[in-house]
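Everything quoted here is computed from the prediction, not taken from an experiment.
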Amino acid sequence: MTVAAVAIAVLLTAACAMTLVRIVRGPTTLDRIVATDVLLAVTVTAIAAEAAFTRDPTALPVLVVVSLLGFTGAVSVARFVTKERQQ
């Protein structure tokens with residue numbers, strides 16, 4: 001079980017590092033926004049993996065709230081970008 005936990009931690013850390021590079025170097029604002037959404041998804045995955053390994057169900061409401069906030073943010077940004085491009 002610890003081998004799986006270490007492998008998951010390494011993969012999630014690599015995903016966070018690559019996403020942070022895209023946030024910093026992203027040529028457009030939309031690239032940075034998408035990278036921020038990906039970073040949120042990686043964070044949700046990390047919380048879910050930690051909850052699965054510790055068998056702690058108290059993290060589930062946190063996962064639901066963070067996922068809903070991420071979805072709401074992505075939809076609002078998409079509406080803003082499409083409204084901006086129409087003008």
Side-chain angles (χ1 to χ4, degrees):
M1 182 95 104
T2 55
V3 174
V6 169
I8 289 172
V10 167
L11 290 173
L12 288 174
T13 304
C16 281
M18 289 186 280
T19 304
L20 287 174
V21 167
R22 177 51 54 198
I23 290 172
V24 172
R25 295 181 63 191
T28 64
T29 304
L30 193 57
D31 287 333
R32 289 185 172 101
I33 291 169
V34 170
T36 304
D37 196 35
V38 170
L39 186 62
L40 181 69
V42 171
T43 304
V44 167
T45 305
I47 294 170
E50 190 271 333
F53 280 121
T54 60
R55 297 182 190 268
D56 185 21
T58 59
L60 293 177
V62 173
L63 289 173
V64 170
V65 169
V66 171
S67 298
L68 285 175
L69 286 174
F71 173 74
T72 306
V75 168
S76 63
V77 166
R79 289 188 64 173
F80 175 74
V81 168
T82 57
K83 190 181 285 189
E84 186 177 273
R85 289 189 181 181
Q86 288 176 356
Q87 295 176 354

* List in chain and number order the residues that pass side chain to side chain donor-acceptor pair (under 3.5 Å) with Asp31, two or more places apart in sequence or in another chain; answer none if no residue qualifies. => Thr28
Name each donor-acceptor pair under 3.5 Å that joins a side chain in residues 42-49 to protein atoms two or more places apart or in another chain, with its distance.
{"unit_1": "Thr43", "atom_1": "OG1", "unit_2": "Leu39", "atom_2": "O", "d": "2.8"}
{"unit_1": "Thr45", "atom_1": "OG1", "unit_2": "Ala41", "atom_2": "O", "d": "2.8"}

* Asked: With sequence neighbours left out, what residues match Thr54 under side chain to side chain contact (heavy atoms under 4.5 Å, CB included)?
  -> Glu50, Asp56
* Structure fact -> The side chain to side chain donor-acceptor pair (under 3.5 Å) partners of Thr29 (sequence neighbours excluded) come to none
Would you give me the side-chain donor-acceptor pairs under 3.5 Å for residues 61-70, sequence neighbours excluded?
{"unit_1": "Ser67", "atom_1": "OG", "unit_2": "Leu63", "atom_2": "O", "d": "2.8"}

Between side-chain atoms of residues 1-27 and protein atoms elsewhere (two or more places apart, or another chain), which donor-acceptor pairs fall under 3.5 Å?
{"unit_1": "Thr13", "atom_1": "OG1", "unit_2": "Ala9", "atom_2": "O", "d": "2.7"}
{"unit_1": "Thr19", "atom_1": "OG1", "unit_2": "Ala15", "atom_2": "O", "d": "2.7"}

* Say whether Leu40 and Leu30 are linked into one hydrophobic cluster, either directly or through other cluster members, by side-chain heavy-atom distances under 4.5 angstrom. => no
* Of all residues at least two apart in sequence or in a different chain, which pass the side chain to side chain contact (heavy atoms under 4.5 Å, CB included) check with Val75? -> Phe71, Arg79
